[in-house]
Number of protein chains: 4
Amino acid sequence: MSSRLLRALTTTEDLADLFSDTTVLESLLAFETALARAQARLGMIPQSASAATERAAVVEGFDAASISRQARQSASIAIPLVDALTARVHAADADASRFVHWGATSQDAIDSAMTLILRRAQTVLAADHARLERSLRALSDQHAHTVMLARTLLQPAPPITFGYKVAGWYGAIHRSWRRLCGAFAEAVVLQFGGAAGTLASYGTQGLALARELSQELGLPLCEAPWHAHRDRLAALVAHCGIYAGALAKIARDIALLMQAEVGEVAEAGGGSSAMPHKRNPSGCVIVLADATRIPGLVAAFLAGMVQEHERAAGGWQAEWVTVADVIEATGSALAAAAGVIDGLSVFPDRMRANLDDTYGAVFAERVSMLLTPKLGRAAAHTLSKDWRDNREVAALLTAEQLESVGRAEDYLGAAEEFRRRLLES
Amino acid sequence: MSSRLLRALTTTEDLADLFSDTTVLESLLAFETALARAQARLGMIPQSASAATERAAVVEGFDAASISRQARQSASIAIPLVDALTARVHAADADASRFVHWGATSQDAIDSAMTLILRRAQTVLAADHARLERSLRALSDQHAHTVMLARTLLQPAPPITFGYKVAGWYGAIHRSWRRLCGAFAEAVVLQFGGAAGTLASYGTQGLALARELSQELGLPLCEAPWHAHRDRLAALVAHCGIYAGALAKIARDIALLMQAEVGEVAEAGGGSSAMPHKRNPSGCVIVLADATRIPGLVAAFLAGMVQEHERAAGGWQAEWVTVADVIEATGSALAAAAGVIDGLSVFPDRMRANLDDTYGAVFAERVSMLLTPKLGRAAAHTLSKDWRDNREVAALLTAEQLESVGRAEDYLGAAEEFRRRLLES
Amino acid sequence: MSSRLLRALTTTEDLADLFSDTTVLESLLAFETALARAQARLGMIPQSASAATERAAVVEGFDAASISRQARQSASIAIPLVDALTARVHAADADASRFVHWGATSQDAIDSAMTLILRRAQTVLAADHARLERSLRALSDQHAHTVMLARTLLQPAPPITFGYKVAGWYGAIHRSWRRLCGAFAEAVVLQFGGAAGTLASYGTQGLALARELSQELGLPLCEAPWHAHRDRLAALVAHCGIYAGALAKIARDIALLMQAEVGEVAEAGGGSSAMPHKRNPSGCVIVLADATRIPGLVAAFLAGMVQEHERAAGGWQAEWVTVADVIEATGSALAAAAGVIDGLSVFPDRMRANLDDTYGAVFAERVSMLLTPKLGRAAAHTLSKDWRDNREVAALLTAEQLESVGRAEDYLGAAEEFRRRLLES
Amino acid sequence: MSSRLLRALTTTEDLADLFSDTTVLESLLAFETALARAQARLGMIPQSASAATERAAVVEGFDAASISRQARQSASIAIPLVDALTARVHAADADASRFVHWGATSQDAIDSAMTLILRRAQTVLAADHARLERSLRALSDQHAHTVMLARTLLQPAPPITFGYKVAGWYGAIHRSWRRLCGAFAEAVVLQFGGAAGTLASYGTQGLALARELSQELGLPLCEAPWHAHRDRLAALVAHCGIYAGALAKIARDIALLMQAEVGEVAEAGGGSSAMPHKRNPSGCVIVLADATRIPGLVAAFLAGMVQEHERAAGGWQAEWVTVADVIEATGSALAAAAGVIDGLSVFPDRMRANLDDTYGAVFAERVSMLLTPKLGRAAAHTLSKDWRDNREVAALLTAEQLESVGRAEDYLGAAEEFRRRLLES
């Protein structure tokens, strides 16, 4: 009973797999197995119990639908999962079943299992991010000298290069990814604290067990359990939101540039069921749809941070589905954006034509700057609005100025320098 | 590849089924079938084409995973679905395949199909709501005279009855449901406008076809297509959010009253994997978890309302998954809340004991009111703080006042009147 | 120490006045005065006390900055306000000061005072709304037959009329305002419950006093105090959000139509400090800026609905500033939108030219519909993409069809009928 | 016309001053002055022009209300401010007025001015943060061995120490502040790009001027103007949200511990207007109220990141008021939290009593761990629920185990180790 259709534009196949029942079960069982192995190694439980747990802890033996149903009794998926695992171990080795989930608490299993999934999610995102960065750099270099209109408040402004515009996109993506990686590094840590976050159930062996378990799972230890302190995850979710915001800025720019009346770029795009002629900015639409969803999800996570005492009554239980939704939507936007950039057609002639169609209006600022020392700011501002074919203006400028003043190439300022700095950052 | 585990606490089985691939496919195919039947009835396409479409439009013939994958090309699930349907019709009757999805646009199919699901969702919610209302009324009547502390800013305040408290819950639920039903009634309408919202592809027959289709699907017509005007859906989503907020207020109250140190009520509750002694407010936790998620989702919907021209580039495509998430989370909270109230134990003795434990402090207001005409507000305020065993106070009150002043039953004001008005509303 | 500059684009002068210290003080004092008058009328306090309170309750006598500072001690602005009022009454009439705020609680004063402000806010909004509706109707009528491109996913689609587009805006505004008015009607009610919501401090006179107070303030009574049940306010805030979303859809459409390359409409607009040539969509920008803020504020309100027991510890105290922010931003957007529509220039020639510039592509759907019965959907879809100058297409159509197929006026379907229905709704 | 009353609980006096008209004007004028000085130093404008600008750029000369009103024409406060400044300069020195705001754009002035304010805001927050950290460390050390109940899902769990609980608060605050400082460091950079982000109006001198201006204002340069790339600010806003979430977790814990029935801590608190006996968790209430607002504001910022081309039409204009709201609310929560911790009373006896009142139930886990190797997990779980006075249990444990099993001090696990690590982090 999946819901792929409803979520088609807000996840990717790879990420949907990562947050599927199969992977969630797999990760929960990986936690229980690692716990048993670590405990057996420390002599806390018999080797046979560990081995029996490991044998029983295979995804195929579990019924996700049934566990999900039972989870609503205890508000925890780990409790019915542990019950089912215990039953499976018991069927094979009654003695061993005594030691399943030995001394751990539901949250240890769930948080650590989900963290294992986070780590895999980062790898999935990283591949698409690398592709996107590479394509943006190449695109920027290729159009270092392609002149186009800047647009402010959706109106024509003095020229930039398309290469500079792309470098701006690159810079935001690059910075936001770097921050997101920092957030992943902080958030991908073992949660292991037992019932109250003290590991008391393990007597004096708690810290040693935490170290073993950390090694088994490859999840670093942080200074203490984080069962009620969710700032690391919050940072991860927030930086996904920022990264997605940076992707959506690209998508909006491209969707606008791709309007028929503008026509400066085109993504490979998709068709329409009704309109044979259409080439839609489908990739941009997916990015923008994902970015519409994410800010609210970030807010939902932040609102849930106000967690009661040593385990929240509501705030925690809302978290992981929100984390999954945010990562999936971010990954969906990223995959779509990478596809858009890879398949982007750029039309420099049209860029030039749109610039020319302003009939010099976007150089009014330049004219104004030249006239201001002579006329003052207000008079220059007024006179330069329609500077072309204006004799008064012509009389005030030198021949050289008059020739250059409407040439876009002469009015790019530090665009190329900024472009290079952005790509080097 | 479902994700039931991750969503176990944020949907119910019934609602997950409603937004599953099966039901989404079923609803999209119901739209295409109804369209063909309506067109055949009006003589716009051959009867045989309608019949062939109807025969082909069975869920089993479609691969949701594949359609979802293709949907990312066009940013629409309807396009690959229509392609697949056309291919199925063609295999059986090549002539008939010419008329599949005749003149309609993707958004007509998706919005109307989802609206069909909305209508079914309302029925699912309505059953649990009716149960909850009934239980709240009974609980309120049963405890019309059960005295307990009010609590303001989490501190003891003058007494109320538990029946009045429950009636307050009832009132908010009742009002919010009534508003939500109004929103459903407005939102459950046919979307049918063709490519540009004019039905131009049907020549002069557009309006007649819209009427036929409306009847086929049992979806009322509204004044015009709403492809880019989403206020009706926004109201539905917002009223779900308000209803869920009212549910969560109940859940928070109960979770607080169930604290061991308070102990005034207990839900049937669930256990803990680590702690054998525990009886958790699991139902309340589910309600609170859902309510943590929903406000952000409402914001996501509202943010998406800013839709470009005649079909949005992003805002629309983000909508339905958000609508589904909100309805599922609302339904999950509702089912959990209904379960909590049905299984609620109430401990009037403990309520009385907690009141007594304040040693009369909560009647300080009453003492203050009695003393104020004699001493003025400030002096009365000060003196009444520790009015018990205070000779000065005793000297200022009559014997009758002294006897009554600490009796909760004498200080309930209009609680019972308000309770009855709330239940009658 | 105001912050008008920071809030210049997110409120109006009228609304900023409504939520200013002066009006808040005025409204709080109006509550205290009305309470005293009602109590005096019922003989609960001396007439002289009521008169003294009324004399003291003048805004000029109070220091908002000092009250604000003290409010952080008690988490309530009403407590220091009542203290200051009591002191002022005392200075004039020590006996009378005993009866200030007699038996009421902070929340009664604050909620009722703010509700008085809400009522005034509705009047402010209503004036701009009426102006906007009127202008939209006139604009729609004026352009009932002005043909333009529809645009879906920001790409050209078959034609509509500008009148129909405007009628769609009107419909959403009209419906959303009607819902908002319903929410105002429900929310503008007296809050009066005393410490615990029972009016117990007034003995048997509570309900009579509530009725008197309700009349004094002109605020209707609802079935019971709503100190911890905030669904009515939530609905008000949410419907502001929906209304603002509908405004922002208009603003986005206009800002897009006003792009130099599209040039189909222009708002009166504003200039640029750097660029003399610019005419910016300044009004639309304000609407869009406001609409960017509002959804998150709605989420904040909904999140705060989870209020503990009989007065929340946090959720309530966050509310009124959020309500003010939402109403001010909505009013700012509304005023800007009304200004935009009033000053809108429409360029039908440019609309026609943009349509013509698609060289018939937007009629591909129509061609496809004509060819489908002959060729089937797929072949027709392909052939119609470049139907102009295509001999195969020409051979398949009648002369009459060929002449009409690219004529926008012949392909408007029910646009005019829908337009009229929307305006009549 | 300030609105201090409405915002009393959501800002502090210091922060309200920072975002007041006075400081905003001051900062805008500081930008204009610095620009003139830098330009004069580079010989781009006459020294006299710079001097005249500096003389005119004093806050007292400007009317914030009038500028705010005019700002709605251009959707920018900088344009009327520059006009007013130019007029003032002109009145004193007509020649000098030609060079006011020379070549800059509104966004340069606004973004840089607000960034100057951000820098000052960080200092304000830092002082309260340092106080809070210090107090938390001291409190944790003081109660390193104060035993209390842990509580999970609001139910009793095995013991912890209050010192460990406080160290958990400290850890989250400490980490979140460190991240927030990183965000400040990234965000506090000069914005200077001119009309299109190229500095073209300055010819070849753009980069040199940027360097001079950066030095004048003490705002570092980043690689390029960030007029349409707002990820740095987004990170700042998000990290405020996370920090506030960590504060609110403390506040919720304390408000819960302060319930009369729990009574384990008490903040200095505030009173009630109706109830003389009350000591409210007023500080916690302020923190929780602020934290209720902030997540939605963070969402609003993220939603605004989708900015069009080289200057957004709406997304940018919504930003600074949101940034101010978030910083003010964060600072309000921080100041309140610091006050709460500084004035906190702790009642170790009550903590012990509440633990004892569970009659050993919270040690059921421990009993269960001891019994499991003998009985298996399920039987041990069942038997340990009521282990006290249970002969079967007594028979299965050693005398030493029986004596220790209910002693909280023997069941603290690594609490003290974790506490120390958290404080050392």
Side-chain angles (χ1 to χ4, degrees), chain C residues 1-10 13 16-17 19-21 24-25 64-65 67-69 71-75 77-79 82 101 104-106 194-195 255 270-271 273-275 280-282 284-286 288-289 292-293 295-297 299-300 303-304 313-315 317-318 320-322 324, chain D residues 1-10 13 16-17 19-21 24-25 64-65 67-69 71-75 77-79 82 101 104-106 194-195 255 270-271 273-275 280-282 284-286 288-289 292-293 295-297 299-300 303-304 313-315 317-318 320-322 324:
Chain C
M1 196 66 62
S2 75
S3 57
R4 296 292 311 266
L5 287 169
L6 205 60
R7 299 186 180 276
L9 307 184
T10 195
E13 284 196 275
D17 284 358
F19 293 100
S20 70
D21 288 343
V24 171
L25 271 179
I67 292 171
S68 301
R69 209 173 303 120
R72 292 183 65 86
Q73 294 307 312
S74 55
I77 55 172
I79 293 175
V82 168
H101 191 65
T105 200
S106 292
S273 73
M275 294 172 276
N280 280 324
S282 308
C284 294
V285 162
I286 291 175
L288 290 165
T292 301
R293 272 174 66 71
L297 292 166
Q317 293 80 3
W320 285 110
V321 62
T322 301
Chain D
M1 196 65 60
S2 74
S3 58
R4 295 291 312 266
L5 287 169
L6 205 61
R7 299 186 182 277
L9 307 185
T10 195
E13 284 195 276
D17 285 358
F19 293 101
S20 69
D21 287 344
V24 170
L25 272 179
I67 292 170
S68 302
R69 209 173 303 121
R72 292 183 65 87
Q73 294 308 312
S74 55
I77 55 171
I79 293 175
V82 168
H101 191 66
T105 198
S106 290
S273 72
M275 295 171 275
N280 280 324
S282 309
C284 293
V285 163
I286 290 175
L288 290 165
T292 300
R293 272 173 64 72
L297 292 166
Q317 292 81 1
W320 284 110
V321 64
T322 300

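The figures here come from the full heavy-atom set of this structure, side chains too, leaving out hydrogens, waters and symmetry mates. Order of the sequence lines sets the chain letters (A, B, ...), proteins ahead of strands, with each chain counted from 1.
- Nearest heavy-atom pair, C:Thr292 versus D:Ala318, reported as atom, atom and distance to 0.1 Å: CB-CB, 3.9 Å.
- Across C:Leu288, C:Leu5, C:Val24, C:Val321, the residue that shares the most heavy-atom pairs under 4.5 angstrom with chain D is C:Leu5.
- Contacts of C:Ala64 with chain D are made by both backbone and side-chain atoms, with heavy-atom separations under 4.5 Å.
- In this view, C:Ala313 and B:Leu154, C:Glu308, D:Val285 satisfy the side-chain contact (heavy atoms from CB on, under 4.5 Å) rule, not counting sequence neighbours.
- For D:Ile286 against C:Ala75, the heavy-atom pair with the smallest separation is CG1-CB, 4.0 Å.
- Using a 4.5 Å cut-off between heavy atoms, D:Ile77 contacts chain C through its side chain alone, with no backbone atom that close.
- In this structure, D:Ser68 and C:Ala8 approach most closely via the heavy-atom pair O-CB, 3.8 Å.
- Of all the listed residues (C:Ala289, C:Pro281, C:Ala300), the one sharing the greatest number of non-hydrogen pairs under 4.5 Å with chain D is C:Ala289.
- To the nearest 0.5 angstrom, C:Ile79 atom CD1 is 7.5 Å from D:Ser282 atom OG.
- Contact check for D:Leu297 versus C:Leu297: side-chain heavy atoms found under the 4.5 Å cut-off.
- Contacts of C:Thr322 classified as side-chain hydrogen bond (donor to acceptor under 3.5 Å, both in side chains), with partners at least two apart in sequence or in another chain: D:Arg293.
- Ranked by heavy-atom pairs under 4.5 Å with chain C, the list D:Glu13, D:Arg7, D:Gln317, D:Arg69 is led by D:Arg7.
- Interface summary for chain C: among D:Ala303, D:Gly296, D:Gly315, the most heavy-atom pairs under 4.5 angstrom belong to D:Gly296.
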